[in-house]
Each structure stands twice: as C-alpha cells, then as structure tokens.
Amino acid sequence: MRRRAKSCPVTQIGIDPTLVVPPHNLLKAVCPSLCKPLTISFVSLPSFAIMCSHQALSTNISLVLAALFFLRIVLGSISRKFLSLPPGPKGLPLVGNVLDMPCEKEWLTFAQWGETWGDICSVTVLGQPLIILNSARAARDMLDKKSSIYSDRPVLQMGGELVGWKNTMVLLPYGDRFRRYRRMCHSLIGTPSAVKRFYPSEELEARRFLRRVLSKPDDLSAHVRKTAGAVILRITHGYEVKETNDPFVEIADRATEQFSLATAPGGFLVDLIPALRHVPVWFPGADFRRKAQEWSQTLCEMVDGPYTFVKQQMVSGTALISYSSAVLQEKKLVFEEEFDLKWSAASLYSGAADTTVSAMNSFFLALTLHPEAMRKAQAEIDSIVGPERLPTFEDRQNLPYTDALVSEVFRWHTVVPTAVPHRAIQDDVHEGYFIPKGALVIPNIWKFAHDPEVYSNPFEFNPERFLRSKDRTPEPDPREICFGFGRRICPGIHLADASVFISCAMSLAVFDISKCIENGQVIEPIHGNTTGTISHPEPFKCRVKPRSEKSISLILAEP
Ligand code: HEM
C-alpha cells in the first residue's frame, strides 16, 4: 500500500492515451458518486470561455485546470485504493503465493490459472506481484500497445548485479543504454533485408552442419549446438569456429551455464535479501560473493575475447563482414560506444546459441514422429530444387510447405515458453485492474501457441495449418508470438528464422530422419519439454541417414 501511494502519479490516469479504460468509467466502476464533480468540471469548461474576457478567461482556465489536477490526484488515489490486482489464487499472509508457485514447467500451471481466473491473472510472491497473461490478445494489449510502461526487466541480484549479466541486453534495465543496444541491433539485423547480408554465412555453416552429421550421425545434438555457436560467432564477430575445442565456444558455453545457475529462482539468498550484496568477499560464509567474482571473470572473457579478435582482424585487414566489424569500420569508437558494441554483440551470442539449438532439436524430433510431414517437404524440395544442388534462401518463396513446416516447428515446441518477464516502470490501470510499478508481467507464450481457440488441435504437428486452401484460412504465424512482445521483442527474430529455415531445408534435402531400432525394437520418442527459460525437447533418439548416393556427393561438394 505504501509503495502504491509513493509512486502513484495519479494525473497519469487522465492523460495517458494508452489507457484502455477511460478514467471516468474507471472511477464510476469503483465509486460512482465520486465521478460527478469531475464530469461537471469538464463539461463546464467551454461555457467559461464564452462568458469571460481574455484575461479573466486565462485566470479561470488556470483555476479550473488546477482544480482538475487536484481532483484527479485525490480521486485517483482514492480510486486506486479500490482497485485490485488481477484475480488469482489466494495467497498466505506475508509470503503470498510462494506455495502455489510450480517448481517446473510453470507454463502449465499458469495456463491452468488462466482457465480459472481469466486471461490476466496474478499472484504475489514475497511481496512481488506477478501478472500472468494467458492470451496473445492480452499480451499485445499490455506489452505491445503500452510498451512505454512494460519494457523494463527484473533486477536480479546474483546474476544481474554481482556477476554482471545486467550489461547484456536481456537483463539491461530500460533506458538509454538499452535503446542504444537496440538501435545498433536494428540497423544490422533488425529487418529481413538487413539479415540478407548474412545469408552466405548461414548457408556455409548449414553445409558444414550436414558434413558433421554425415560423418557422425549419432552426435546429432552436439552438431546442432556447435552449428548454432558457429553461425552466431560468425555473424557477430566474423569468427570461424574450430572443429574441436574452440576456445570461444567453450567459454561461451561455460558462461551461459553459469548464467543459468546464477539466475535460477531461489538459487541465492542475495536475490531475496539484496543488502547481502554488500557483504565483503572475505567475509566468512560469503561464498556467493566469491562465486560471483569467478563467474563475472568468465563473462568478461566471453565478451572481450571475440571482440579483441575482431579488432585484430580489422588491423590486419582480414576481418570478415560481421555485426562488430560493420560498426567498427564506420568510425573510431569512444569508450562508451565500444562498451555498447561489445556487450550488445555478446548479448546476441548468448541470446542465439541455446534458442536455435532448441528449435533445431525440435525439428529433428518432429520429423522422427511425423514421417509424412518429412516426405511432403522432401517431395516439394525435390520438385523445386532438383537433385543437383542444395536449397538456398532464394528457393524459400517457392517452398511453401517447407516454410510452413518451419513455422510449425516454432509453434509446436515453444522455445521460450514464458518469455523473459517484463517489468512495469510505473503504476498502470489495465482493464480495470491495478498493476503496480515493479510488477513483473509474464506472457505465457506456450499457452498462446497451444490455444485451441487460435490453433486447431494445437498438440498435433501439422504444417498444413499455415497453408491456404479452398476450405481453410491459414492459422496465425507463430513468429508473432514466439519471439516476445513490445520493445523487448527478440532482436534476433529474422536471424533465427533464417538460420532455422536454411538448416531445416538443407537437412530435408539430403537426410532421411526416422525412429531408431535397437535390438529389433523401435524406440518411440516422446515430445517432452525441459524446464527453464529456454526449454528444449527432452533428449530423444533418432536415426539420420543420407537419402541417396547423390545426397552424399551434395553434402561433400565444396560450395
Ligand atoms: C528460435 C529462436 C529464438 C526464439 C524462439 C527467441 C525468443 C525470444 C524471446 C521470447 C525473447 C524475450 C522477448 C520478450 O521479453 O518479450 C527473446 C529475447 C532476446 N533474444 Fe531471442 N529468440 C530466438 C533466437 C535469438 C537469436 C538468434 C538471437 C540473436 C541473434 C536472439 C537474441 C535475443 C536477445 C538479445 C534478447 C533480449 C532482448 C531484450 O531483452 O531486449 N534470440 N528471444
């Protein structure tokens, strides 16, 4: 209550054009009798203007405006006392809904709450309000249309503040630095046409992927991971990874693993008691401080190593075209610009690596489970591309089924099921609910992608849902939801889409994917989702073999 009163600039109720519920209706809803004086004041304003002389008019207008201003403050603060958070399960005194919070796959519990409490529901955990959105409409209304309010990120003491991940885009507070990172990303990878300059790198790395799979098909998931790292390091820093023990890939894998540990909910007491971050490193029991120092070191190595590499390549004139070299070649950077460039490039690396791995693994799982979809896509590729070459980006527009299959991969297995929480930068009133400053808003993307009102039989893998036919209009493109919302929407959306498309199309062209047979038994894979901000399909087995001799020669041919 005290927090609301302190940070409640009530005047914004009246002047914020993004509010869905007009202030008067809102006031009427909570306290009808309070609305009257306010309405009268507005109505009577024109009659003042007609009756009075110029000076008297301006004095009167000032008085009326001052009165209105005052009334709004008073009425607004009264009204907010009557407004409540969106509905949700009732919590306990002090700790709130701690015991209701799921330990894993929180998107399933959130979706159940949505069934009971509606598209916008809430819980409070140790005083922290969480607003859960269970429909894409609600997410667009709040996070897209009111993005000036809902674009901050939570403050994480261990991972963000102490280790330093708050300097990467995903945890960067909303503000000037955030806007600079986003501007840089936008100019380099923010549109499908900007991403085109990286098509040759994408195609090259996808070919290398095919070769790795051909030589060691049993290590499929390691190849998927290596390729994701290779693609993004090439694009961000023009760096070509080594086939084994690449130092940058290793350090990045270590840093991202430490990120997961550092940001795991409940992992560190300092996240609950922020004052602990001031405990000196030498203090007995302050293991978390020493761990934070060690992890911070790894993070800095991940950020500085590839950046130093690009700079050396620029000096020697051998730098490949990349996100970093494009900026560096424009001008000499001052300290702050250099900081922005290297941390935004590292943000892209950490944002890209694990997400595309998850999408590619679900592609292989989907084809293992749905050979009919694989055969349709292969027939399409065979007829359009022919047997003499591999598919390229130029073929995409002529491969509608393959394209629909990629869309279905994004929808069927939700890579980032609950996105990353958005944080309200100020108080808001949304659809009659009070959303306090600091509330975390969580879009349940998994639910949006499996909403039976939007996607028919949502648990089926069915690329046809995205194709137009006589008796079917295509279902909505999942890219509109799977990459998040508002000013925090994934900056890698076009790059991710390009990477996943080309790897899928090339793999379909040359490999058959099927269920494994062990000791005469068919191994039936199950589509399960791992818990975590980035969810992967549960490990599964599949068999990948070249479709023909011709496929082998295509894979081995030099580009
Ligand atoms: C299948 C692939 C991917 C999916 C499904 C995905 C999804 C997402 C989602 C849901 C968010 C949170 C958006 C929000 O808070 O509303 C996000 C953020 C982010 N993604 Fe991606 N992403 C993918 C690939 C990539 C790639 C390839 C890159 C880099 C090139 C990238 C970089 C980032 C960054 C830096 C953020 C943080 C943005 C911010 O906080 O402002 N992602 N992504």
Side-chain angles (χ1 to χ4, degrees), residues 100-115 130 132-136 139 170 220-222 224-225 228 256-257 259-261 263-267 350-370 373 405-421 442-452 454-463 465 475 478-485 490 492 496 499-500 503-504 513 515-516 523-542:
D100 297 315
M101 289 307 282
C103 297
E104 53 170 28
K105 298 184 191 167
E106 58 280 12
W107 52 91
L108 298 179
T109 309
F110 291 171
Q112 278 165 9
W113 289 347
E115 300 295 319
L130 305 180
I132 319 283
L133 308 179
N134 270 303
S135 78
V170 70
L220 179 68
S221 86
V224 165
R225 187 163 285 282
T256 42
E257 196 185 318
F259 172 80
S260 299
L261 294 172
T263 55
S350 51
D354 213 23
T355 44
T356 35
V357 169
S358 168
M360 282 311 296
N361 281 333
S362 29
F363 163 77
F364 283 103
L365 174 61
L367 294 198
T368 311
L369 290 168
H370 302 280
L405 190 147
V406 173
S407 301
E408 185 64 336
V409 166
F410 283 130
R411 188 201 67 82
W412 180 69
H413 178 88
T414 317
V415 173
V416 193
T418 49
V420 180
I442 302 175
N444 189 358
I445 296 182
W446 178 85
K447 173 65 204 294
F448 309 165
H450 295 84
D451 186 341
V454 181
Y455 296 106
S456 56
N457 301 320
F459 295 95
E460 257 176 30
F461 183 85
N462 174 21
R465 66 174 79 244
E475 295 181 0
R479 292 168 190 79
E480 288 167 14
I481 49 174
C482 292
F483 290 90
F485 297 90
C490 174
S499 288
V500 175
S503 306
C504 293
I513 294 113
K515 291 175 188 166
C516 271
I523 311 283
E524 282 294 338
I526 293 172
H527 179 204
N529 315 34
T530 64
T531 292
T533 302
I534 298 172
S535 170
H536 292 263
E538 300 274 7
F540 63 95
K541 286 190 172 174
C542 68

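Owing to the predicted nature of the structure, the values given are computational and were not obtained by experimental measurement. Positions are given from 1, in the same order as the sequence printed here. FYI, side chains are in, hydrogens and waters are out, and symmetry mates aren't considered; it's all heavy atoms of this structure.
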Can the ring centroids of Phe364 and Phe540 be said to lie less than 6.0 angstrom from one another? no

Next on the checklist: For Phe485 and Phe448, take the angle between the two ring planes, folded into 0 to 90°, and tell me which bin it lands in: parallel under 30, tilted 30 to 60, perpendicular over 60.
Outcome noted: perpendicular

Relative to each other, are the rings of His370 and Trp412 parallel, tilted or perpendicular (30° and 60° limits)? perpendicular

Side-chain contact test, heavy atoms from C-beta onward, threshold under 4.5 Å: evaluate it for Ser535 versus Thr530 and give yes or no. yes

Handout entry: Ser407 and Arg479, any side-chain heavy atoms less than 4.5 Å apart
Key = yes

Is there a side-chain contact between Tyr455 and Asn462 (heavy atoms, below 4.5 Å)? no

- Message: Just so I know, are the side chains of Glu538 and Ile526 near enough to count as touching, which here means a heavy-atom distance under 4.5 Å?
- Response: no

side-chain hydrogen bond (donor to acceptor under 3.5 Å, both in side chains) pairs touching residues 100-110, sequence neighbours excluded, are Asn97-Asp100

Verdict with reasoning, Lys515 to Lys541, per side chain to side chain contact (heavy atoms under 4.5 Å, CB included): CA-CA 7 Å; Lys515 291 175 188 166; Lys541 286 190 172 174; over 6 Å; no

- Compare all side-chain heavy atoms of Leu133 with those of Asn444 and state whether any distance is below 4.5 angstrom. no

Apply side chain to side chain contact (heavy atoms under 4.5 Å, CB included) to residues Leu108 and Trp446 and explain how you reach the verdict. CA-CA 8 Å; Leu108 298 179; Trp446 178 85; 3.6 Å; yes

- Answer with yes or no after comparing the ring centroid distance for Phe459 and His450 against a 6.0 Å cut-off, counting only values under it. yes

Going by atom types only, do Asp354 and His536 share a side-chain donor-acceptor pair under 3.5 Å? yes

Q: Give the C-alpha distance, both sets of side-chain angles, the deciding distance and a yes or no for side chain to side chain contact (heavy atoms under 4.5 Å, CB included) between Asn361 and Ser221.
A: CA-CA 7 Å; Asn361 281 333; Ser221 86; 4.1 Å; yes

Closest heavy-atom pair, His527 versus Leu365, reported as atoms and distance to 0.1 Å, is CD2-CD2, 3.7 Å

4.5 Å side-chain heavy-atom contact, Phe461 and Leu405
yes

Sidechain N-carboxylate O distance under 4.0 Å for Lys447, Glu115 = yes

Check your understanding: With side chains defined as the heavy atoms from C-beta onward, is the minimum distance between Leu220 and Cys542 less than 4.5 Å?
Key -> yes

* Asked: Taking C-beta and beyond as the side chain, do Thr533 and Val416 meet within less than 4.5 Å on heavy atoms?
  -> yes

(message) One pair to check against side chain to side chain contact (heavy atoms under 4.5 Å, CB included): Arg411 and Ile481. What are the steps and the verdict?
(response) CA-CA 9 Å; Arg411 188 201 67 82; Ile481 49 174; 5.8 Å; no

